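Below is one structure, written out as structure tokens; the observations come after it.
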Amino acid sequence: MPTKYLFITGGVCSSLGKGLSAAALALLLEKMGLKVAMLKFDPYLNVDPGTMNPFQHGEVYVTDDGAETDLDLGHYYRFTNSPLSRASNATSGQIYNAVIRRERRGDYLGKTVQVIPHITDEIKSRITACAQQVEDIDVVVVEVGGTVGDIEGLPFLEAIRQFQHEHPGDCLSIHLTYVPYIKAAGEVKTKPTQHSVQALRSIGIFPSIILCRCEDPLEESEKAKISLFCNVAPEAVIDEPDVAHTIYEVPLHLAEQGMGRMICQKLGLREAAVDLSEWQKIVDTVKNPKGTVTVGIVGKYVEHQDAYKSVFEALAHAAISHGYKIKIKQFESDKVLEHGQIKESVRGCDGYLVPGGFGERGWLGKILTAAHCRDNKIPYFGICLGMQAMVVDFARHVMGWEDASTTEIDPQTQHPVISLLSEQQEIKDLGGTMRLGAYRCVLKQGSKAHQAYGTEVISERHRHRYEYNNRYQGAMEKHGLLLSGTLENDTIAEIAEVINHPWMVGVQYHPEFKSKPTAPHPLFRAFVGAMIEAKGKQTL
Ligand code: GLN
């Protein structure tokens with residue numbers, strides 16, 4: 001059976017959750033026994049989102065092979081078992097870069113280099129490369145970022161048109177649109193969808209399924225109208241209303257409307273029954289939790305709802321695994337202090353998490369959040385910069401090294417407890433040059449980390465330039481800051497934890513990238529468990 005291709009484009013506006021829908025569809029296909037690979041095209045000119053401010057782009061999702069990618073890959077990871085690597089995300093920047101490098105080498109033998117065919121060929125080669133990254137892929141799900149009508153998305157759509165022409169019978173196009181409810185008129189409007197599909201058809205892409213994001217399920221009459229104007233069968237107009245409780249309801253809703261089966265029929269794939277009972281259980285737990293546990297997130301990008309996407313999701317997975325609901329309170333790290341103390345309004349969470357970050361703004365707030373948790377024996381989870389803040393708090397307030405810091409923020413400190421990784425010393429370019437991707441780490445027996453993982457060697461993904469300075473390890477360990485995980489066959493510190501504390505753990509890597517609702521991350525599970533325990537003690 002040849003590999004099949006499912007193309008997902010978006011219409012009307014952005015932020016409709018196209019990545020989530022793509023991931024949910026891929027899950028349905030996997031549940032039918034198919035092997036799926038996923039690919040996200042991003043039409044912007046950055047080579048990757050790694051150099052973008054999180055306010056612009058949200059989280060940067062890192063793969064095992066060290067690619068800095070779009071956050072939709074996080075959805076792909078959480079919903080599916082699709083292989084995720086450098087081959088799973090391509091931007092216009094990468095595509096043009098590859099073509100221009102070839103042109104400079106003289107590979108085009110004097111030809112004029114053009115969008116068609118050179119850029120479109122490069123785009124098509126990425127689709128094929130994604131299909132070939134592992135053996136026996138049945139379906140490649142290709143999501144095109146942006147909205148139909150965007151100038152920068154045109155080469156991708158043209159490449160998809162060509163690809164469909166070259167692979168007749170093996171391609172299917174799904175268009176995700178928005179069907180707004182207009183309050184003043186008291187009805188939903190299908191016109192934006194009609195226009196969006198028209199625009200797509202004028203490019204030569206004819207969607208066979210229209211996926212309608214909407215506030216409430218659509219009436220049959222509304223579906224019939226979309227069917228007529230958009231040239232698809234009435235049953236191929238699928239609604240995807242806003243979910244009330246959790247995004248993990250999305251695949252259930254799509255399955256109810258026969259989405260997986262329809263894709264198989266249209267692609268000539270063998271159909272099978274879809275068993276989503278595991279996902280139903282997750283949704284049921286979210287709807288009927290045993291209790292709520294409240295976590296405070298102290299970071300500097302809290303105003304962008306996607307900046308800590310994977311962290312939020314990993315917390316939710318962990319809470320679900322304990323039968324709880326997570327309540328997340330976000331605090332701007334440069335606004336959490338008052339008279340050099342954590343503000344009263346920031347207190348009162350069951351635990352605190354300080355996520356990754358860069359630069360000086362809000363740095364002191366993060367250190368003092370760690371101090372507050374250490375002093376008051378409140379669970380604390382530090383991720384990357386959050387781990388570094390935890391080490392600096394310990395150095396300043398337990399060791400008494402008042403000027404201790406990271407050289408990222410204070411290059412002149414006399415106590416550089418966090419310093420630049422030696423491999424980073426010569427690096428000048430900022431793009432794609434951090435310590436990136438998966439490394440193996442050996443855990444110390446009996447530590448909190450070891451208890452959580454229940455294994456001695458782990459593999460986690462990284463994205464940083466600075467590290468815990470081993471020069472200080474001996475002295476700090478004597479005072480209770482245990483180094484509980486180090487890079488395999490090396491000395492780079494990966495995990496630190498405060499002993500004589502219920503749960504205060506900092507990790508140099510990003511565990512949030514490897515949590516699924518069906519397989520919550522062990523450290524998040526342990527952290528949430530510690531918060532539940534602390535909460536229980538308070539109420540006793
Ligand atoms: N800025 C810190 C470093 O580069 C932490 C990075 C992060 O939190 N991802 O080491």
Side-chain angles (χ1 to χ4, degrees), residues 48-64 66-69 71 74 297-302 304 306-312 314 333-334 352-367 369-370 380-393 395 404-411 413 416-439 441 460-470 472 485-487 491-496 505-514 523-524:
D48 60 46
T51 52
M52 274 189 244
N53 186 318
F55 282 127
Q56 289 271 311
H57 183 269
E59 165 189 283
V60 174
Y61 184 83
V62 180
T63 55
D64 273 347
E68 295 176 277
T69 71
L71 55 80
I297 296 197
V298 180
K300 78 178 189 185
Y301 309 114
V302 296
H304 190 294
D306 284 340
Y308 305 118
K309 187 85 200 149
S310 294
V311 170
F312 294 173
S333 50
D334 58 350
Y352 291 84
L353 187 153
V354 176
F358 297 84
E360 188 166 8
R361 185 170 71 82
W363 170 234
L364 188 62
K366 294 176 188 179
I367 298 170
T369 301
Y380 175 94
F381 192 8
I383 294 180
C384 211
L385 191 64
M387 177 248 204
Q388 298 174 357
M390 176 182 130
V391 171
V392 169
D393 156 55
S405 197
T406 160
T407 54
E408 177 181 1
I409 285 146
D410 181 3
T413 172
V417 289
I418 307 290
S419 58
L420 198 61
L421 283 154
S422 55
E423 67 201 42
Q424 290 281 325
Q425 311 279 353
E426 303 302 321
I427 289 174
K428 297 271 177 299
D429 279 357
L430 290 186
T433 56
M434 284 189 242
R435 178 175 181 236
L436 288 165
Y439 290 92
C441 164
E460 293 282 4
R461 301 178 191 166
H462 299 68
R463 183 170 185 257
H464 65 117
R465 294 186 201 280
Y466 295 82
E467 62 164 331
Y468 178 26
N469 187 342
N470 286 325
Y472 296 95
T486 34
L487 175 64
T491 53
I492 296 181
E494 303 282 26
I495 313 176
V505 178
V507 294
Q508 190 54 77
Y509 49 83
H510 289 274
E512 70 272 25
F513 296 145
K514 289 180 67 174
L523 280 183
F524 278 89

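Here the structure is a predicted model, which is why all the values come from computation and not from measurement. First listed ligand is number 1; within each ligand, the first listed atom is number 1. The figures here come from the full heavy-atom set of this structure, side chains too, leaving out hydrogens, waters and symmetry mates.
For Glu423, the CD atom sits in a packed shell: over 12 heavy atoms of surrounding residues, nucleotides or ligands are nearer than 6.0 Å.
Expressed to the nearest 0.5 Å, how far CZ of Arg361 lies from CD1 of Ile409 amounts to 12.0 Å.
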Sub-3.5 Å pairs, protein N or O with ligand 1 N or O:
{"from": "ligand 1", "atom 1": "1 (N)", "to": "Gly357", "atom 2": "O", "distance (Å)": "3.0"}
{"from": "ligand 1", "atom 1": "1 (N)", "to": "Glu408", "atom 2": "OE1", "distance (Å)": "2.7"}
{"from": "ligand 1", "atom 1": "1 (N)", "to": "Glu408", "atom 2": "OE2", "distance (Å)": "3.2"}
{"from": "ligand 1", "atom 1": "4 (O)", "to": "Arg465", "atom 2": "N", "distance (Å)": "2.9"}
{"from": "ligand 1", "atom 1": "8 (O)", "to": "Gly357", "atom 2": "N", "distance (Å)": "2.8"}
{"from": "ligand 1", "atom 1": "8 (O)", "to": "Gly357", "atom 2": "O", "distance (Å)": "3.4"}
{"from": "ligand 1", "atom 1": "8 (O)", "to": "Leu385", "atom 2": "N", "distance (Å)": "3.1"}
{"from": "ligand 1", "atom 1": "9 (N)", "to": "Arg463", "atom 2": "O", "distance (Å)": "2.9"}
{"from": "ligand 1", "atom 1": "9 (N)", "to": "His510", "atom 2": "NE2", "distance (Å)": "3.2"}
{"from": "ligand 1", "atom 1": "10 (O)", "to": "Gln388", "atom 2": "NE2", "distance (Å)": "3.1"}
{"from": "ligand 1", "atom 1": "10 (O)", "to": "Arg465", "atom 2": "N", "distance (Å)": "3.2"}
{"from": "ligand 1", "atom 1": "10 (O)", "to": "Tyr466", "atom 2": "N", "distance (Å)": "2.9"}

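A donor-acceptor contact under 3.5 angstrom links the side chains of Arg461 and Tyr61, judged on distance only. Between Glu59 and Ser310, the side chains place a donor N or O and an acceptor N or O closer than 3.5 Å (distance only, hydrogens not considered).
Between Ile492 and Gln508 the shortest side-chain heavy-atom distance does not fall below 4.5 Å.
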Please step through salt bridge (Lys or Arg N to Asp or Glu O under 4.0 Å) for the pair Glu68 and Arg463, ending with a clear verdict.
CA-CA 9 Å; Glu68 295 176 277; Arg463 183 170 185 257; 2.6 Å; yes
